[in-house]
Amino acid sequence: MLQVTAGKRKGVPVNIAKSEVEIERLKRFIPDKDQYDSRAQRLSSLVEKLDEEVLSSEVKIFKALADNNRLKIIKLLKEGELCACELTIALPNSQSTVSHHLSVLKSAGLIKERKDGKWSYFRLSDGAVIELLNQADLLAGD
């Protein structure tokens, strides 16, 4: 049976089992019974493999990157570690705004912080972030 998340009730995903009748709608597009059976089984299998917890983590990452200032921070950190004061100077934002953006990126697991006395230094969390940027550049055609 096909499982999908149809919405949220007070922040908790609500799983709804798709009935056979709903899966039958696929027959409108695939009249051949053998092909329909195969495609319906494949679709059901694909949907069952979706992990809501993993999807939630991935959404957090993409939301963190969906801001010009945060993307600028990531691109600056691609070249190496920088202190918070350097990032504040590099961006046309207040210190509190830069701090907020750094917090969002850190919470998403995209950057790491190292403290040295009163100074906070930031770097990319790992090479996967650079690869993600490279893939984005390819998709953008740059």
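Values reported hereafter were calculated over all heavy atoms of this structure, with side chains retained and with hydrogens, waters and symmetry mates removed. Predicted model only: the values in this text are computed from it and were never measured.
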Chemist: Looking at CD of E81 and CD1 of I111, how far apart are the two atoms once the value is rounded to the nearest 0.5 Å?
Modeler: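 Reported to 0.5 Å precision, the distance equals 11.0 Å.
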Chemist: Looking at every non-hydrogen atom in both residues, tell me the closest pair between K60 and A108 and how far apart they are.
Modeler: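 Nearest heavy atoms, K60 then A108: O-CB, 4.0 Å.
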Chemist: So for atom CD, which belongs to E53, do other residues, nucleotides or ligands contribute more than 12 heavy atoms lying within a distance under 6.0 Å?
Modeler: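 At most 12 heavy atoms, drawn from other residues, nucleotides or ligands, come within 6.0 Å of this atom.
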Chemist: For A64 versus V104, what's the shortest heavy-atom pair and its separation?
Modeler: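 Scanning both residues completely, I find the closest heavy atoms to be CB-CG1, 4.0 Å.
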Chemist: Under 4.5 Å between side-chain heavy atoms, hopping through other hydrophobics if needed: is there a path connecting V59 to L50?
Modeler: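 No, no single cluster joins them.
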Chemist: Closer than 4.0 angstrom, basic N to acidic O: yes or no for R39 and D32?
Modeler: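 D32 and R39: not salt-bridged.
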Chemist: Using the side-chain contact (heavy atoms from CB on, under 4.5 Å) criterion, which residues pair with S103? Sequence neighbours excluded.
Modeler: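 None.
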Chemist: Sequence neighbours left out, what passes side chain to side chain donor-acceptor pair (under 3.5 Å) with S56? Give chain and number order.
Modeler: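 Listed in chain order: nothing, the list is empty.
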Chemist: Let me confirm one number: the CG-NZ distance from L77 to K112, rounded to the nearest 0.5 Å.
Modeler: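 Between atom CG of L77 and atom NZ of K112 there are 13.5 Å.
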Chemist: Less than 3.5 Å apart, any donor N or O on the side chain of T88 or Q95 sitting next to an acceptor on the other?
Modeler: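 Q95 and T88 do not have a side-chain donor-acceptor pair below 3.5 Å.
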Chemist: Hey, what do you get for CG (N93) to CG (N69), rounding to the nearest 0.5 Å?
Modeler: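 N93 CG to N69 CG: 4.0 Å, rounded to 0.5 Å.
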Chemist: Should I61 and L65 be marked as a side chain to side chain contact (heavy atoms under 4.5 Å, CB included) after you check the CA-CA gap, both sets of side-chain angles, and the distance that decides it?
Modeler: CA-CA 6 Å; I61 290 168; L65 292 171; 4.3 Å; yes
Chemist: Whether the side chain of Q41 engages the backbone of S38 through a donor-acceptor N/O pair (distance < 3.5 Å, no angle test) should be reported.
Modeler: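 No, because the side chain of Q41 does not come within donor-acceptor range (under 3.5 Å) of the backbone of S38.
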Chemist: Under a 4.5 Å side-chain heavy-atom rule over Ile, Leu, Val, Met, Phe, Trp and Tyr, are L105 and V98 clustered together?
Modeler: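 Linked within one cluster.
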Chemist: Examine Y121 and V129 and state if one hydrophobic cluster contains both, with Ile, Leu, Val, Met, Phe, Trp and Tyr joined whenever side-chain heavy atoms are less than 4.5 Å apart.
Modeler: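 No: no chain of side-chain contacts under 4.5 Å links Y121 to V129.
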Chemist: Identify whether I89 and L71 are in the same connected component of the hydrophobic contact network (ILVMFWY, side-chain heavy atoms under 4.5 Å).
Modeler: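 I89 and L71: separate clusters.
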Chemist: Within the side chain of S125, is there an N or O that forms a donor-acceptor pair under 3.5 Å with the backbone of G109?
Modeler: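 Pair found, side chain donor or acceptor close to backbone of G109.
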Chemist: Got a second to check how far L124's CG is from K75's NZ, nearest 0.5 Å?
Modeler: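 One finds 11.5 Å between CG of L124 and NZ of K75.
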Chemist: Are more than 12 heavy atoms, taken from residues, nucleotides or ligands other than K63, located less than 6.0 Å from that residue's NZ atom?
Modeler: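 Not buried by this count: 12 neighbours or fewer within 6.0 Å.
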Chemist: To the nearest 0.5 Å, what is the distance between CG on L102 and CG on L110?
Modeler: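 L102 atom CG to L110 atom CG measures 11.5 Å (nearest 0.5 Å).
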Chemist: When rounded to the nearest 0.5 angstrom, what is the spacing between CG in L138 and CG in L133?
Modeler: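 Rounded to the nearest 0.5 Å, the CG-CG separation comes out at 11.0 Å.
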